[in-house]
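So that we are looking at the same thing, I have put the structure below in C-alpha cells.
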2 protein chains.
Amino acid sequence: MRSGTKKDGNEKRPRGRPRAYDPETALRQAAEVFWKTGYSGTSLDDISAATGMNRPSLRAAFGDKHEIYVKALNDYWELKFAALDKAFGSGGGLFETLTRVYDAALSIYFSGGDQVLGCFVVGTAITETAGDPEIQSIVAEGFHNIDADFEARFKLARAAGELKQGADPKALALLASATMHTLAIRARAGTSRNELRKLAHKAASVICG
Amino acid sequence: MRSGTKKDGNEKRPRGRPRAYDPETALRQAAEVFWKTGYSGTSLDDISAATGMNRPSLRAAFGDKHEIYVKALNDYWELKFAALDKAFGSGGGLFETLTRVYDAALSIYFSGGDQVLGCFVVGTAITETAGDPEIQSIVAEGFHNIDADFEARFKLARAAGELKQGADPKALALLASATMHTLAIRARAGTSRNELRKLAHKAASVICG
DNA sequence: AAGTTTTTATGCGATCTGGTACAAAAAAAG
DNA sequence: CTTTTTTTGTACCAGATCGCATAAAAACTT
C-alpha cells in the first residue's frame, strides 16, 4: 500500500527510457472501455486506442487482456468501497445514511461522460462470472463486503432504537444490497438518475419501516 | 400465435429439401450458448456447434448474430413471463405468492445442466444495453412488466387487508423486483440455490411486514 | 562519447470471426 | 424422369484479434 499513489518528486529516476504514460490513468482509461463494451466486447486495440499505449507496452505494463480486466475490476471495487465507506461513515440517522449510500452509488453509475454505464461489476463482470472462477470470486467477495457493511449499520440502528427490536439486520441488509443491485441494473437499462433517486428513496423508506 | 407450436402431422409438406433441424430447439440451443458466454463472447461457430447447423443455415433461419440474440432474448422473456404468470396466478396469500414467484425464478436461474447461469437478461443482456438501444428497450420493457405484476399483486393484498392501508404498492413492488434482481446476480456469482431460497424468504418476510 | 537499461514503435504470423458464393442434396411438382 | 424449389455443406474472402520478435528511441552510467 502507498507505494506510488502520490508523485514523490524526489524519487530516483529509473535507469531506462521513461514511460510515456501514467500507469494509473492508463488503467483507468482501460477500465472505461471495459465498462462500456464489456470484457469480451473489448479488444486490445480498443484499449490501445483509449490509453494511447501500443499493445507491447500494454502487455509489459499490465499483462494480457484478462490481467488488465482483473486489475480494472479490483480498482473498481476499491473505488466503490471508498465511496461507500465515506457514505456509511458520515453520521446521521439510518434513513439519511441509506440515501447517502445510494446517492454515492448513483454518482458512480452515472459517472460516464456521455453514456450511462451503471455498475462496472453488474454491467460487465457478472457476464464473465459464469466460466471464470477468478472473476467470480472477486465479485462474490465484493458483494459479501457490502452485505456486511449494511448489516453492521442495521445492527447499530437496532441498538440505537431506530429499528424495532424484532428487526432482522441480515434480512434488511439483503434488501439494502438488493436495492443497490436494482439501481445498478436499471441505470444501465436506461432509467434516469432522478427516477432512480426516487426509487432508492422509496426503498429506503420501506426498509426503515 | 399457435402456428407451429405443436406438430400438426397433417400439414402439407413444403416444396424443397426438408430442414434437418427443428427451429425452436435450435434457437433454444443457441440461447444456451449466449446464456453461458454472453453476446460478445459467443461466436457463430459456437452457435453452429451447439445447434449442429452450419453458418449459412443459421443465417437463413434466424438472420445474423444480432438477430439470433434478439430472438433468444425475446424467447427468454416469454419463458420467464409464463413462469411468473403461473406463480402469480396460483392463489394463496401474499407471502406464499412471493415465495412461489422467487422459486419460479430460481428454477430458471438454475436450469443450466452443469453450470449455474442465473438470469439470461441480467447475466448477458445488461452488458449489451450500453451501446445497443434495441436490446436496451427490450430489457427495460420486460422489467416494467414485472414491476407492474408485483404492484398489481400488492394492490390486491392491500385491498384484502394483507397489508396495512398505508402500504405503498409501488414501493413494495420495487423492492420485490430488486429481490429478484439480486437473486439473478447472486446466482451467477456463485451463491447456492439453498442460500438464495433463504434470502428470498427473508426478503419476502420483510416486504410483507 | 560509448555502453547499459528500459521503454516505445513497427510489423509479422497464426488464428478467429462474420459473412457469403456456389455446388450438391433432398424433396415435391409436372 | 425431368424440372423446380428449398436446404445443406464446403470453401473462400476480408477483416479483426492476439501475441511476439525485433528495431528504434530515450534515459542513466561510466
Side-chain angles (χ1 to χ4, degrees), chain A residues 3-4 7-27 29-30 33-34 36-72 124 127-128 131-132, chain B residues 4 7-27 29-31 33-34 36-72 124 127-128 131-132 134-135:
Chain A
S3 73
K7 49 196 65 166
D8 289 63
N10 56 349
E11 204 172 319
K12 198 169 190 300
R13 288 268 202 93
R15 208 150 175 327
R17 175 171 175 170
R19 285 182 170 159
Y21 56 89
D22 173 40
E24 286 188 44
T25 52
L27 188 58
Q29 291 164 327
V33 190
F34 277 131
K36 192 174 312 191
T37 51
Y39 177 73
S40 302
T42 302
S43 71
L44 287 181
D45 281 335
D46 294 332
I47 301 176
S48 184
T51 58
M53 300 166 65
N54 39 39
R55 282 202 306 280
S57 293
L58 273 175
R59 179 167 190 76
F62 307 117
D64 65 9
K65 183 182 171 182
H66 192 265
E67 288 179 86
I68 301 176
Y69 182 81
V70 168
K71 284 185 169 66
T124 75
T127 301
E128 308 305 320
D132 193 323
Chain B
K7 47 197 66 167
D8 289 64
N10 57 348
E11 205 172 318
K12 199 167 191 302
R13 287 269 202 94
R15 208 152 175 325
R17 175 172 176 170
R19 284 183 172 158
Y21 55 89
D22 173 40
E24 286 189 44
T25 52
L27 188 57
Q29 290 164 328
V33 190
F34 278 131
K36 192 173 312 189
T37 52
Y39 176 73
S40 302
T42 302
S43 71
L44 287 181
D45 282 334
D46 295 331
I47 301 176
S48 185
T51 58
M53 301 166 64
N54 40 38
R55 282 201 305 279
S57 293
L58 273 175
R59 178 162 191 80
F62 308 116
D64 65 8
K65 182 181 170 182
H66 192 265
E67 288 180 85
I68 300 176
Y69 182 81
V70 169
K71 283 184 170 65
T124 75
T127 301
E128 308 304 319
D132 192 323
E134 183 180 3
I135 293 179

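Just so we're on the same page: letters track the sequence lines, and every chain starts at 1.
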Partners of A/Arg15 by side chain to side chain contact (heavy atoms under 4.5 Å, CB included), sequence neighbours excluded?
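A/Arg15 satisfies side chain to side chain contact (heavy atoms under 4.5 Å, CB included) with no other residue.
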At a cut-off of 3.5 Å, list every protein nitrogen or oxygen paired with a nitrogen or oxygen from nucleotides 28-30 of chain C, distance to 0.1 Å.
from	atom 1	to	atom 2	distance (Å)
C/dA28	OP1	B/Arg13	NH1	3.3
C/dA28	O4'	B/Arg15	O	3.1
C/dA29	OP1	B/Lys12	NZ	2.7
C/dA29	O4'	B/Arg15	NH2	3.2

Might you point out which heavy atoms bring A/Thr124 and B/Thr127 nearest each other, and give the distance in Å?
CA-OG1, 4.1 Å
Using OP1 and OP2 only, check whether a side-chain N or O of B/Tyr21 sits under 4.0 Å from D/dT8.
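True: B/Tyr21 side-chain N/O within range (under 4.0 Å) of D/dT8 OP1/OP2.
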Need one value for A/Ser48: base, sugar-phosphate or nothing, where a base atom within 4.0 Å counts as base even if backbone is also close, heavy atoms only.
nothing
Only counting residues at least two apart or in another chain, list the ones meeting salt bridge (charged side-chain N to carboxylate O under 4.0 Å, His left out) with B/Asp45.
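By the salt bridge (charged side-chain N to carboxylate O under 4.0 Å, His left out) rule, B/Asp45 matches B/Arg55.
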Nearest whole Å is fine: how far is C/dT15 P from A/Leu44 CG?
18 Å
Of B/Arg17 and B/Asp45, whose nearest nucleotide on DNA chain C comes first from the 5' end?
B/Asp45
Which ones in residues 50-65 of chain A lie close to DNA chain D, meaning a heavy atom under 4.0 Å from one of its atoms?
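Those residues whose heavy atoms fall under 4.0 Å from DNA chain D, taken from residues 50-65 of chain A in numerical order, are A/Arg55, A/Pro56, A/Arg59, A/Asp64, A/Lys65.
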Minimum heavy-atom distance between B/Phe62 and B/Lys71, given as atom pair plus value
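Shortest heavy-atom contact: O-NZ, 3.5 Å.
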Both B/Pro18 and A/Pro18 contact DNA chain D. Which one's nearest nucleotide lies toward the 5' end?
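First, find each residue's nearest nucleotide; the 5'-ward one identifies B/Pro18.
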Apply side chain to side chain contact (heavy atoms under 4.5 Å, CB included) to residues A/Ser40 and B/Thr37 and explain how you reach the verdict.
CA-CA 9 Å; A/Ser40 302; B/Thr37 52; over 6 Å; no
Separation of D/dT7 C1' from B/Asp22 CG (nearest whole Å):
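About 15 Å, once rounded to whole Å.
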State which residues pass side chain to side chain contact (heavy atoms under 4.5 Å, CB included) with B/Arg19; sequence neighbours excluded, sorted by chain then number.
B/Tyr21, B/Pro23
Give a yes/no answer on whether the side chain of B/Arg19 brings an N or O atom under 4.0 Å of OP1 or OP2 in D/dT7.
yes
Ignoring hydrogens and angles, state whether a donor on the side chain of B/Thr42 or B/Tyr69 is under 3.5 Å from an acceptor on the partner side chain.
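B/Thr42 vs B/Tyr69: no donor-acceptor pair found between side chains.
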B/Ala50: what forms a side chain to side chain contact (heavy atoms under 4.5 Å, CB included) with it, not counting sequence neighbours?
B/Val33
